[in-house]
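Following: one structure in structure tokens, then a few remarks.
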4 protein chains.
Amino acid sequence: MSENNNPDSRKNSKYQQILQAAIKIFARQGYYKSTVSQVAREAGVADGTIYLYFKNKDDILDHFFSYKTREVFSCFQQEVRRADNALDKLRNLIRRHLLEFENDRDMAVVYQVETRMRRRLSDIKIKEMSDMYFDLVSSIVRQGQQEGVIRPDLPIALFKQVMIGAIDEVITTWLYSSGKYRLTSMADPLFELLIRGVGEKN
Amino acid sequence: MSENNNPDSRKNSKYQQILQAAIKIFARQGYYKSTVSQVAREAGVADGTIYLYFKNKDDILDHFFSYKTREVFSCFQQEVRRADNALDKLRNLIRRHLLEFENDRDMAVVYQVETRMRRRLSDIKIKEMSDMYFDLVSSIVRQGQQEGVIRPDLPIALFKQVMIGAIDEVITTWLYSSGKYRLTSMADPLFELLIRGVGEKN
Amino acid sequence: MSENNNPDSRKNSKYQQILQAAIKIFARQGYYKSTVSQVAREAGVADGTIYLYFKNKDDILDHFFSYKTREVFSCFQQEVRRADNALDKLRNLIRRHLLEFENDRDMAVVYQVETRMRRRLSDIKIKEMSDMYFDLVSSIVRQGQQEGVIRPDLPIALFKQVMIGAIDEVITTWLYSSGKYRLTSMADPLFELLIRGVGEKN
Amino acid sequence: MSENNNPDSRKNSKYQQILQAAIKIFARQGYYKSTVSQVAREAGVADGTIYLYFKNKDDILDHFFSYKTREVFSCFQQEVRRADNALDKLRNLIRRHLLEFENDRDMAVVYQVETRMRRRLSDIKIKEMSDMYFDLVSSIVRQGQQEGVIRPDLPIALFKQVMIGAIDEVITTWLYSSGKYRLTSMADPLFELLIRGVGEKN
DNA sequence: GATGAATGAGTTTTCATTCAT
DNA sequence: AATGAATGAAAACTCATTCAT
């Protein structure tokens with residue numbers, strides 16, 4: 001109560017309210033089919049209030065990406081640090097990635113669907129994020145190579161694409177599977193597949 | 001010439017004109033930011049003419065997916081048949097997939113970006129396509145297992161997701177790379193990575 | 001009928017309809033208090049139709065100024081040519097100016113009220129018009145000086161301001177006088193006052 | 001200092017602050033394109049504070065007209081009283097009118113541009129002001145006629161329109177002339193032109 | 001008195017779709 | 001079949017005004 005009444009947290013709370021509501025609406029209907037009025041109603045504020053916190057409709061999505069990307073990414077880094085050897089780091093990263101998206105389905109939908117749109121518009125934030133991910137994977141791979149558990153001739157840039165693409169698809173498949181299984185249950189199988197590949201060892 | 005003057009092929013040609021134009025416009029601006037008028041102008045027809053060949057704006061995208069999916073997919077199947085052993089089939093499938101998208105950049109952009117939107121709306125066509133792809137990969141994998149070149153404990157559904165996701169991401173990365181390299185140059189490295197995995201053989 | 005049905009006159013007629021309606025509405029309520037919907041209703045067209053003929057609300061006013069200025073001004077020039085000596089030319093110009101505004105009250109109101117706004121925004125059209133008027137008056141004055149009926153030491157630029165300002169104010173006073181007298185009845189008195197001035201001849 | 005701290009003068013000072021700020025903003029952007037928030041920011045007060053001193057946005061302009069009209073007009077009267085004979089009175093009135101507008105450019109712009117709008121709405125204040133001006137000019141003219149320096153057949157109402165209109169236009173021309181000359185430098189030429197007229201004496 | 005966050009009515013503008021020709 | 005002018009519903013956004021603090 002009293003905490004919620006100091007101006008700062010009030011503002012913060014409206015901002016968060018609107019952002020949450022927007023993600024919920026965008027997840028349900030897609031960005032373009034969602035209206036500012038719907039977001040306002042969901043957030044329990046007037047239409048005009050949206051514009052006190054966001055420049056325009058697009059800005060809501062921008063803030064979502066900035067905020068969520070930063071948040072998600074810093075938790076990825078923490079997760080990676082939590083392990084010592086490269087393989088555990090990779091496993092943790094994958095599991096964490098899936099866990100984050102499992103925990104916030106609306107966020108996951110919006111992220112999966114709208115990212116592509118913004119990539120086309122060469123959104124800088126998306127590129128930054130992609131680069132950070134590349135660095136993270138790179139350092140893990142190099143460590144793994146020193147540890148002798150990852151082959152030295154691995155094309156890192158390609159591996160990052162395969163890994164990201166695979167995780168993406170696993171998430172997307174889960175999203176549209178009517179929730180019959182837990183997304184995190186895919187972490188270990190996915191990890192193993194990436195490590196061992198498809199081929200018979202010989 | 002004379003063929004083009006019989007009503008049927010004329011209709012057909014208008015239909016194709018509009019579809020081509022739409023893909024070009026959608027690729028450049030995205031589906032929602034494209035207007036029917038723009039498509040009409042690009043196609044060299046009147047706005048109203050669009051509605052003689054398509055139910056509405058959405059229907060254009062539907063037809064694109066139906067048409068392109070069918071076309072692309074049948075060429076995937078041909079490609080697979082062209083090889084005998086499982087690994088060559090897989091390699092061919094991957095190369096062909098990349099080649100098709102490299103050959104038609106507009107189609108690639110629209111496919112990559114707008115597919116996600118339609119998946120959310122549980123578009124039946126997308127699901128069909130996904131299933132067909134799964135069957136194709138399945139049969140290759142099973143053949144490979146019989147040939148002893150693919151490990152018998154491979155989780156096929158997951159592998160299909162990894163493969164699709166990886167190809168997707170490789171395509172997307174290429175699309176936004178300002179065309180510095182050929183997409184098909186990624187086929188062999190990608191194939192090899194999927195087969196061998198990341199891990200050091202031991 | 002048949003004339004109205006050829007495409008050109010149809011378009012022209014819609015364009016004119018909307019322009020007329022806009023002037024009527026703007027005259028009654030002022031530009032800023034008028035809505036595009038009101039103009040559309042008055043013109044008997046849908047809101048969207050306005051935008052087939054005008055870029056935006058502002059553009060309607062622009063077109064009005066371009067069109068009316070050109071029209072009014074060319075009739076001023078004709079009127080001036082109709083007389084031989086300078087004093088008759090001046091008298092004709094003044095009478096014609098008043099007559100034009102008397103004949104189209106709505107136009108007069110919009111012109112008188114909204115011109116100032118546009119002058120501030122240093123609208124080029126308004127400046128052109130002002131210059132043309134200056135040229136017209138200049139040539140009359142010079143002719144009058146040669147004829148010996150206008151004093152040679154007259155500051156022409158200032159005179160043009162006085163004349164324009166006086167006519168403006170006479171029109172404005174008439175506009176808000178609830179139409180008790182004819183505007184053209186002010187032409188001769190005004191002409192005489194400008195010629196003779198206020199002072200007692202001595 | 002201490003005077004400024006009693007409630008009444010504080011209120012007065014806020015009132016003046018807001019009025020000044022409003023004129024500055026209105027002059028720059030026009031009444032309709034100016035927002036209450038902009039005025040508040042310029043005045044250094046909160047948006048809501050405006051409504052403690054003014055009924056609404058319109059009321060700010062009303063107060064400006066009341067206040068400025070009264071102020072300007074009383075200084076006109078003083079100026080007239082300062083001279084004995086009619087011609088000097090007229091000359092003083094004209095010079096003073098120009099001087100007041102020269103001294104406060106923002107006020108001048110707002111006055112020139114927005115007066116017309118309010119005239120249309122048959123604003124009572126504007127009418128009062130116009131009547132007062134008429135009385136002032138009337139009495140000067142009648143004095144001049146008795147003194148034998150103004151012709152007895154002068155149509156006074158028309159003369160007042162010519163004079164007001166001329167001064168208006170001289171001011172407006174100056175306002176948009178990028179300040180290359182002093183407005184008051186036009187006083188004597190204008191006075192002379194009104195007195196002598198355009199015609200050659202004969 | 002003073003604030004400024006919140007409101008929501010009201011506006012401009014767009015654009016998919018229709019239909020008379 | 002083809003046209004493209006016309007439609008009008010719907011959306012984003014603004015801003016004067018209010019009111020709880």
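Every chain is numbered from 1 and lettered A, B, ... according to where its sequence line falls, protein lines coming before strand lines.
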Query raised in the report: Can the positive tip of K57(B) be found less than 6.0 Å from the middle of the six-membered ring of Y31(B), inside 45° of the ring normal?
Result: yes
Query raised in the report: Taking for each residue the nucleotide of DNA chain F with the nearest heavy atom, is it D58(D) or A46(B) whose nucleotide lies nearer the 5' end?
Result: A46(B)
Requested in this report: Send over the distance from D47(A) CG to dC13(F) P, rounded to a whole Å.
Outcome: 12 Å
Query - Spacing between D59(A) atom CG and dC13(F) atom P, to the nearest angstrom - result: 10 Å
Report task. Determine the contact category for T35(A): base if any of its heavy atoms lies under 4.0 Å from a base atom, sugar-phosphate if only primed atoms, P, OP1 or OP2 are that close, otherwise nothing. Result -> sugar-phosphate
Requested in this report: Return the nearest nucleotide to the side chain of V36(B); candidates are dT3(F), dC13(F), dA16(E).
Outcome: dA16(E)
Query raised in the report: Does a salt bridge link R41(C) with D47(C), judged by any charged N lying under 4.0 Å from a carboxylate O?
Result: no
Query raised in the report: Does Y51(A) place a side-chain N or O at less than 4.0 Å from the phosphate oxygens OP1/OP2 of dT7(E)?
Result: no
Query - Given DNA chain E, 5'-ward residue of the pair S34(C) and K57(B), judged by closest heavy atom - result: S34(C)
Requested in this report: Find the distance R41(C):CZ to dT7(F):C1' and express it as a whole number of Å.
Outcome: 16 Å
Query raised in the report: Rounding to a whole Å, what distance do you find between Y53(B):OH and dA16(E):P?
Result: 20 Å
Query raised in the report: Is there a donor-acceptor contact under 3.5 Å from the side chain of R116(A) to the main chain of Q112(B)?
Result: yes
Requested in this report: Rounded off to whole Å, could you give me the CG-to-C1' distance for the L52(C) and dG8(F) pair?
Outcome: 12 Å
Query raised in the report: CD1 of I50(C) versus P of dA5(F): gap in Å, rounded?
Result: 16 Å
Report summary line: Taking a pair to mean Watson-Crick or G-U wobble geometry with both distances below 3.5 Å, dA1(F) pairs with none
**Report entry** Between dA16(F) (C1') and K33(D) (NZ): distance, integer Å
**Finding:** 18 Å
Report task. Give a yes/no on whether any side-chain N or O of K14(A) is located under 4.0 angstrom from OP1 or OP2 of dA6(E). Result -> yes
Query - Atom-to-atom span, CD of Q38(D) to P of dG4(E) - whole angstrom - result: 17 Å
Query raised in the report: Atom CG in D62(A), atom CZ in F65(A): separation rounded to 0.5 Å?
Result: 8.5 Å
Report summary line: Between K55(A) and T49(B), whichever has its closest DNA chain F nucleotide further toward 5' is T49(B)
**Report entry** Pairing partner (Watson-Crick or G-U wobble, both distances under 3.5 angstrom) of dA6(E)
**Finding:** dT17(F)
Query raised in the report: Under a 4.0 Å N-O cut-off, is there an ion pair linking R28(D) with D106(D)?
Result: no
